Amino acid sequence: MKLSASEDDLGSDIHVPADIDWHMLDKSKFFFLGAALFSGVSAGLYPAMVLKTRQQVSSTQISCFKMSFSIMRCEGLRGFYRGFGTTLMGTIPARALYMGALEVTKTSVGSSTVRLGFSDTTATAIASAAAGLSSAMAAQLVWTPIDVVSQRLMVQAPNASPCRYKNGLDAFRKILFADGFKGLYRGFGISMLTYAPSNAVWWASYSVANKLIYGGLGWSDNIRRSESKATAVAVQGLSAAMASGVSALITTPLDTIKTRLQVLDKEENGVRKPLTMLQTVRNLVKESGLAACYRGLGPRWASMSLSATTMITTYELLKRLSAKNQESETS
């Protein structure tokens with residue numbers, strides 16, 4: 001998501017300080033603090049994910065307000081955190097894979113492209129795209145099974161009798177028993193199809209938004225190099241929110257299909273079987289037309305905006321906290 005080699009030349013891709021690179025980090029501190037910081041971020045954003053998921057699997061259109069009121073009235077605050085324990089357990093290894101792949105790919109590809117004669121700006125763009133792709137693919141190896149389990153817990157009726165899943169471990173065991181290992185990776189293909197273009201659209205939109213904001217302020221490159229950290233974070237945060245809106249608008253239909261594939265089943269002769277992608281799309285269109293594909297757009301946009309904005313500030317803080325003491329390194 002970020003590159004350090006030439007971030008002065010590409011302000012739109014500045015998520016972390018340009019003077020802190022992969023080799024300058026204390027890796028154990030980086031991963032330990034990263035797990036703690038991003039677990040806190042996940043806790044704050046989780047209710048929006050629950051709302052999004054329930055809207056996407058609902059057979060009728062329900063507003064965020066009505067859905068929130070219903071959850072609070074029937075389930076209380078804990079209803080907004082169904083499956084959170086499972087998600088939290090997955091956050092640690094998934095974030096470790098994501099951050100490791102991100103930084104290693106970004107550094108190696110960035111150096112290679114510069115040696116091949118690309119300009120700093122082009123090298124940054126190529127390295128950011130490659131890093132985003134590799135980190136997303138690595139993280140999905142963990143996130144897909146976590147998504148399948150946590151989303152089923154999210155949409156499970158609170159007073160269902162008998163209770164289908166008691167907890168995350170019980171859901172994991174029952175899915176594995178019923179569908180085998182492939183049941184945990186239901187929707188893996190469309191997950192990749194969802195997040196790959198989502199990342200591509202996000203980065204493109206973020207870059208454009210960042211340049212438009214700086215251009216609107218009339219700031220030259222020299223002024224941007226000397227700007228305060230608070231100003232940089234504010235511009236990055238606004239750019240991230242704008243980029244998330246564009247990305248959510250374009251990729252929500254794929255995310256809706258993915259969620260339904262992972263959560264819903266069909267019943268044939270008393271036997272539960274997973275839906276195919278074609279059946280899922282047909283059911284959606286039959287329910288409310290193409291508009292059904294955009295259920296959960298509001299919570300998803302809010303979650304993506306808050307997540308992206310928080311990611312920028314958290315990641316910058318994380319890298320500063322994890323930077324090795326340069327004096328001790330040189331002595």
Side-chain angles (χ1 to χ4, degrees), residues 42 45-46 48-59 61-62 67 82-84 86-87 90-91 94 97-98 132-133 135-156 168 171-172 175 178-202 244-266 272-305 307-308:
S42 297
L45 300 176
Y46 197 77
M49 296 303 297
V50 172
L51 282 174
K52 174 198 76 84
T53 302
R54 292 201 182 190
Q55 284 188 319
Q56 288 177 333
V57 301
S58 174
S59 58
Q61 180 67 41
I62 304 175
M67 183 75 76
R82 285 188 172 275
F84 179 66
T86 301
T87 299
T91 293
L97 282 170
Y98 185 90
L133 179 62
S135 58
M137 292 176 66
Q140 280 306 307
L141 293 173
V142 175
W143 271 125
T144 297
I146 293 299
D147 264 352
V148 170
V149 173
S150 63
Q151 287 176 159
R152 293 194 180 201
L153 292 172
M154 286 179 194
V155 302
Q156 182 172 252
F172 179 88
I175 294 170
D179 303 323
F181 192 70
K182 67 178 183 180
L184 293 171
Y185 279 89
R186 187 190 291 189
F188 179 73
I190 196 169
S191 291
M192 297 302 295
L193 289 174
T194 300
Y195 293 117
S198 178
N199 283 339
V201 171
W202 194 94
S244 297
V246 175
S247 181
L249 189 64
I250 293 174
T251 60
T252 290
L254 282 173
D255 188 62
T256 301
I257 295 169
K258 173 194 76 71
T259 300
R260 286 197 162 210
L261 276 173
Q262 292 177 331
V263 173
L264 301 181
D265 294 313
K266 63 179 179 180
R272 301 179 71 90
K273 293 183 178 180
L275 291 165
T276 65
M277 189 182 301
L278 184 59
Q279 288 170 331
T280 301
V281 174
R282 281 176 178 170
N283 290 342
L284 270 170
V285 175
K286 189 183 297 183
E287 287 171 11
S288 303
L290 293 177
C293 295
Y294 281 93
R295 285 179 185 160
L297 174 62
R300 186 165 188 258
W301 174 80
S303 177
M304 288 179 67
S305 298
S307 178

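This structure is a prediction, so every number in the text was calculated from the model and none was measured. Any value given below was found using the heavy atoms of this structure, including those in side chains, with hydrogens, waters and symmetry copies removed.
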Do [X] and [Y] have side-chain heavy atoms sitting under 4.5 Å apart?
| X | Y | answer |
| --- | --- | --- |
| Phe84 | Met49 | no |
| Thr259 | Lys52 | yes |
| Thr280 | Leu264 | no |

State, to 0.1 Å, how close [X] and [Y] come at their nearest heavy-atom pair, and which atoms those are.
| X | Y | value |
| --- | --- | --- |
| Leu153 | Ala171 | CD2-CB, 4.5 Å |
| Tyr46 | Ser150 | OH-CB, 4.2 Å |
| Trp143 | Ala94 | NE1-CB, 3.3 Å |
| Val148 | Leu184 | CG2-O, 3.5 Å |
| Glu287 | Ser58 | OE1-O, 3.8 Å |

Working to the nearest 0.5 angstrom, can you tell me the gap between [X] [atom1] and [Y] [atom2]?
| X | Y | atom1 | atom2 | value |
| --- | --- | --- | --- | --- |
| Leu254 | Ser191 | CG | OG | 10.0 Å |
| Phe172 | Thr86 | CZ | OG1 | 10.5 Å |
| Leu261 | Thr256 | CG | OG1 | 11.0 Å |
| Leu290 | Leu284 | CG | CG | 9.5 Å |
| Leu51 | Ile62 | CG | CD1 | 11.0 Å |
| Met304 | Leu297 | CE | CG | 10.0 Å |

Can you label the angle between the Phe188 ring and the Tyr185 ring as parallel, tilted or perpendicular, going by 30° and 60°?
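Because their plane-to-plane angle is over 60°, the rings of Phe188 and Tyr185 count as perpendicular.
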
Is there a donor-acceptor pair under 3.5 Å between the side chain of [X] and the backbone N or O of [Y]?
| X | Y | value |
| --- | --- | --- |
| Ser303 | Pro299 | no |
| Arg54 | Met67 | no |
| Arg152 | Gln262 | yes |

Apply the side-chain hydrogen bond (donor to acceptor under 3.5 Å, both in side chains) test between Asp255 and each candidate in Arg295, Arg260, Gln56; give the one that qualifies.
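Among the candidates, only Gln56 passes.
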
Do other residues, nucleotides or ligands put more than 12 heavy atoms under 6.0 Å from the NZ atom of Lys266?
yes

